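Because the structure is a prediction, the values reported are computed rather than measured.
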Amino acid sequence: MYKIAIIGDRDSVLGFMALGFATYEAENAERAAKILHTIARDESYAVIFIVEDLAQNMVYDILKYKDDPLPAIVSIPGRAGANGFGMNSIKSAVERAVGADIIFK
């Protein structure tokens, strides 16, 4: 069975522990990138969520996995709220898959 992980600051990831997610605390993007590469090599993860504040500073690390079927790497808002990075990432992925902007037209 596949697992789900979340990488982010302590306050952002604690609630996900109750949902059964594997939670990884990272105080900065460098630490988050190391965690990402470690758990992405573990083929038991289907989805890895990364808090937007960290994800926007580790774009090249995330792009290494964009063509891999697993894990899916998704950025989500952290405790400070959304900054638009996650939505732009999803928009870009949809445009690549469909060939047009069907989200924001």
Side-chain angles (χ1 to χ4, degrees):
M1 180 148 98
Y2 288 113
K3 300 186 276 186
I4 301 172
I6 181 166
I7 303 169
D9 60 275
R10 180 177 173 77
D11 292 338
S12 296
V13 302
L14 278 180
F16 290 92
M17 194 179 298
L19 298 174
F21 288 26
T23 58
Y24 296 91
E25 293 180 35
E27 61 282 350
N28 57 47
E30 182 180 330
R31 175 76 178 124
K34 288 180 183 176
I35 294 169
L36 172 62
H37 296 309
T38 300
I39 63 177
R41 282 192 298 268
D42 180 348
E43 296 180 2
S44 64
Y45 288 94
V47 180
I48 300 172
F49 292 107
I50 304 175
V51 172
E52 282 181 332
D53 294 338
L54 295 173
Q56 70 184 4
N57 295 314
M58 48 188 289
V59 173
Y60 295 109
D61 296 292
I62 294 170
L63 286 176
K64 290 180 182 179
Y65 304 100
K66 87 172 170 112
D67 293 327
D68 295 346
L70 292 178
I73 300 173
V74 181
S75 55
I76 61 171
R79 64 180 165 86
N83 64 15
F85 180 79
M87 186 58 74
N88 287 334
S89 298
I90 290 172
K91 178 183 177 225
S92 175
V94 169
E95 285 177 0
R96 277 194 321 271
V98 177
D101 180 4
I102 63 170
I103 296 178
F104 296 107
K105 295 186 184 185

At what distance, to the nearest 0.5 angstrom, does CD1 of I62 lie from CG of L54?
9.0 Å
Nearest heavy atoms of I48 and P71, plus distance in Å
CD1-CG, 3.7 Å
Cluster question for you: counting only ILVMFWY and a side-chain heavy-atom cut-off of under 4.5 Å, with indirect links fine, are Y2 and Y45 together?
no
Using links of under 4.5 Å between side-chain heavy atoms of ILVMFWY residues, direct or through other members, which residues join L14 in one cluster?
M17
Please check if I73 and V47 belong to a single hydrophobic cluster, counting links between Ile, Leu, Val, Met, Phe, Trp and Tyr side chain heavy atoms closer than 4.5 Å.
no
Point-to-point distance, once rounded to the nearest 0.5 Å, from CZ of F21 to CD1 of I6
7.0 Å
Judged by atom type as modelled, is there a donor-acceptor pair below 3.5 Å linking the side chain of N57 to the main-chain atoms of D53?
yes
Hey, quick one: are F16 and F49 part of the same hydrophobic cluster, counting side-chain heavy atoms closer than 4.5 Å, chains of contacts allowed?
yes
Sole residue of V13, I39, L36 in side-chain contact (heavy atoms from CB on, under 4.5 Å) with Y24:
I39
Check residues 25-34 and write down every donor-acceptor pair under 3.5 Å in which the side-chain atom is one partner and the other belongs to a residue at least two apart or another chain.
residue	atom	partner	partner atom	Å
E25	OE2	R10	NH1	3.1
N28	OD1	E30	N	3.2
N28	OD1	R31	N	2.8

Looking at OG of S44 and NZ of K3, how far apart are the two atoms once the value is rounded to the nearest 0.5 Å?
3.5 Å
Aromatic plane relationship, Y65 with H37 - under 30° parallel, 30 to 60° tilted, over 60° perpendicular:
tilted
Common cluster, I7/I76, ILVMFWY with side-chain heavy-atom separation under 4.5 Å:
no
